[in-house]
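Data block below; observations after.
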Amino acid sequence: MESHFFAYMYRLKYIERWSLMRNTTKETVAEHSFHVALLAHMLCEIGNSFFGRSFNADRAVTIALFHDATEVFTGDIPTPVKHHNPKMLANFREIEAMAAERLLGMVPEPLQSSYAPLLGKPGGTLSEEEQLLHSIVKAADLLDAYLKCLTEVSTGNREFLVAKGQTEAAIERLGLPETEWFLTNMAPSLGMTLDELS
């Protein structure tokens, strides 16, 4: 049974993010997914160690690795475009669902039940634990955007100043102690040079 699933997944390295912005460093969806997985793992471990949570960090990493998989078909739609108005966002969500269906159709049938929740296929109900992990991955997704803005601004690229403030406000609205702890204790070093880190 021939499957093109991984041939498409590997093409995430060709999809560039932040296409409307002048970047000092380009970033692909594959890189972003890796970073979100790292951050989701850390947020879970922060929650478990400092805030008495019982997050499954391994499952969060898995969810994070696939959280933007549909962008292999849709591309990375810039936030100002996607959120321009409710109708545009609804249309994009519909396109995203079709992309998820297409990707899932490439997964061999015996494996589809494992990949359906990872690809965001509509129809299934997530357990409370899975919903919590999805919220952690969403927080990690926002944190990665914030860290991208932070590193761009630290190199003198003013293009990312407004996005940095907006992303920081979105993270604060989540009200997660894990993200607050990360921003206080770990994020600042991403704005430093190698000499400063040493």
Side-chain angles (χ1 to χ4, degrees), residues 1-21 23 25-44 55-148 163 167 170 174:
M1 76 181 70
E2 185 179 44
S3 169
H4 300 312
F5 179 67
F6 269 92
Y8 274 100
M9 289 301 295
Y10 266 62
R11 289 182 170 269
L12 288 172
K13 65 186 170 189
Y14 303 126
I15 312 294
E16 287 191 359
R17 289 173 46 81
W18 304 96
S19 59
L20 290 179
M21 310 281 275
N23 291 257
T25 305
K26 298 285 185 189
E27 180 186 50
T28 69
V29 174
E31 289 170 304
H32 167 67
S33 297
F34 170 71
H35 294 150
V36 172
L38 288 177
L39 289 163
H41 189 277
M42 180 58 73
L43 291 177
C44 286
F55 290 130
N56 181 338
D58 295 340
R59 181 62 179 170
V61 167
T62 303
I63 294 167
L65 286 172
F66 291 91
H67 84 284
D68 277 343
T70 56
E71 290 186 8
V72 75
F73 294 126
T74 67
D76 178 57
I77 308 296
T79 299
V81 174
K82 195 177 355 183
H83 294 273
H84 178 67
N85 62 49
K87 185 176 180 184
M88 191 170 288
L89 182 60
N91 287 339
F92 175 74
R93 295 293 181 230
E94 187 178 339
I95 292 166
E96 207 172 40
M98 288 188 286
E101 287 283 350
R102 183 174 175 197
L103 256 184
L104 187 62
M106 295 178 189
V107 175
E109 193 170 342
L111 303 174
Q112 286 186 1
S113 61
S114 296
Y115 282 88
L118 297 173
L119 297 174
K121 183 183 176 293
T125 305
L126 296 177
S127 68
E128 188 177 329
E129 181 185 6
E130 285 278 298
Q131 289 176 28
L132 278 172
L133 291 177
H134 278 271
S135 69
I136 286 291
V137 170
K138 176 62 180 168
D141 189 31
L142 283 170
L143 266 180
D144 186 53
Y146 173 78
L147 296 175
K148 164 67 172 173
T167 309
L174 294 175

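Treat the numbers as computed from the prediction; the structure is a model and nothing was measured.
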Please report the interatomic distance [atom1]([X]) to [atom2]([Y]), rounded to the nearest 0.5 Å.
X    : Y    : atom1 : atom2 : answer
L132 : N56  : CG    : CG    : 11.5 Å
L143 : K148 : CG    : NZ    : 16.0 Å
T28  : W18  : OG1   : CH2   : 14.0 Å

Between the main-chain N or O of M106 and the side-chain N or O of S3, is there a donor-acceptor pair closer than 3.5 Å? yes
Smallest separation among heavy atoms of [X] and [Y], with atom names:
X    : Y    : answer
I15  : G75  : CG2-CA, 3.9 Å
L43  : A139 : CD1-CB, 4.0 Å
V107 : Y115 : CG1-CD1, 3.9 Å
L119 : A100 : O-CB, 3.2 Å

Could you list the residues that satisfy side-chain contact (heavy atoms from CB on, under 4.5 Å) with [X], not counting sequence neighbours?
X   : answer
L65 : A37, V61
K87 : N85, N91
A60 : A40, C44, L133

Report, as yes or no, whether the 6.0 Å neighbourhood of atom CZ on F5 holds more than 12 heavy atoms from other residues, nucleotides or ligands.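 Counting neighbours around CZ of F5, more than 12 heavy atoms of other residues, nucleotides or ligands fall under 6.0 Å, so yes.
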Contact list for residues 131-141, test side chain to side chain donor-acceptor pair (under 3.5 Å), sequence neighbours left out: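 Residue pairs with at least one partner in residues 131-141: H32-D141, H67-D141.
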Are any non-hydrogen side-chain atoms of Y146 and L142 less than 4.5 angstrom apart? no
Flag the pair E27 / D144 as yes when at least one side-chain heavy-atom distance between them is below 4.5 Å, and no otherwise. yes
Tell me, which pairs form a salt bridge (charged side-chain N to carboxylate O under 4.0 Å, His left out) where one or both residues lie in residues 91-100, sequence neighbours left out?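 Listed once each, the pairs are R93-E96.
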What pairs meet the salt bridge (charged side-chain N to carboxylate O under 4.0 Å, His left out) rule with one or both residues in residues 55-76, with sequence neighbours excluded? R17-D76, R59-E130
Going by the rule side chain to side chain donor-acceptor pair (under 3.5 Å), which residues pair with T70 if we only count those two or more places apart in sequence or in a different chain?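 Per chain and number, T70 pairs via side chain to side chain donor-acceptor pair (under 3.5 Å) with no residue.
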Of all residues at least two apart in sequence or in a different chain, which pass the ring-ring contact (aromatic ring centres under 6.0 Å, His included) check with F55? none
Residue list, ring-ring contact (aromatic ring centres under 6.0 Å, His included) with F73, at least two apart or on another chain: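 Per chain and number, F73 pairs via ring-ring contact (aromatic ring centres under 6.0 Å, His included) with Y8.
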Residue pair F92, T74: steps toward the side chain to side chain contact (heavy atoms under 4.5 Å, CB included) verdict: CA-CA 9 Å; F92 175 74; T74 67; 4.3 Å; yes
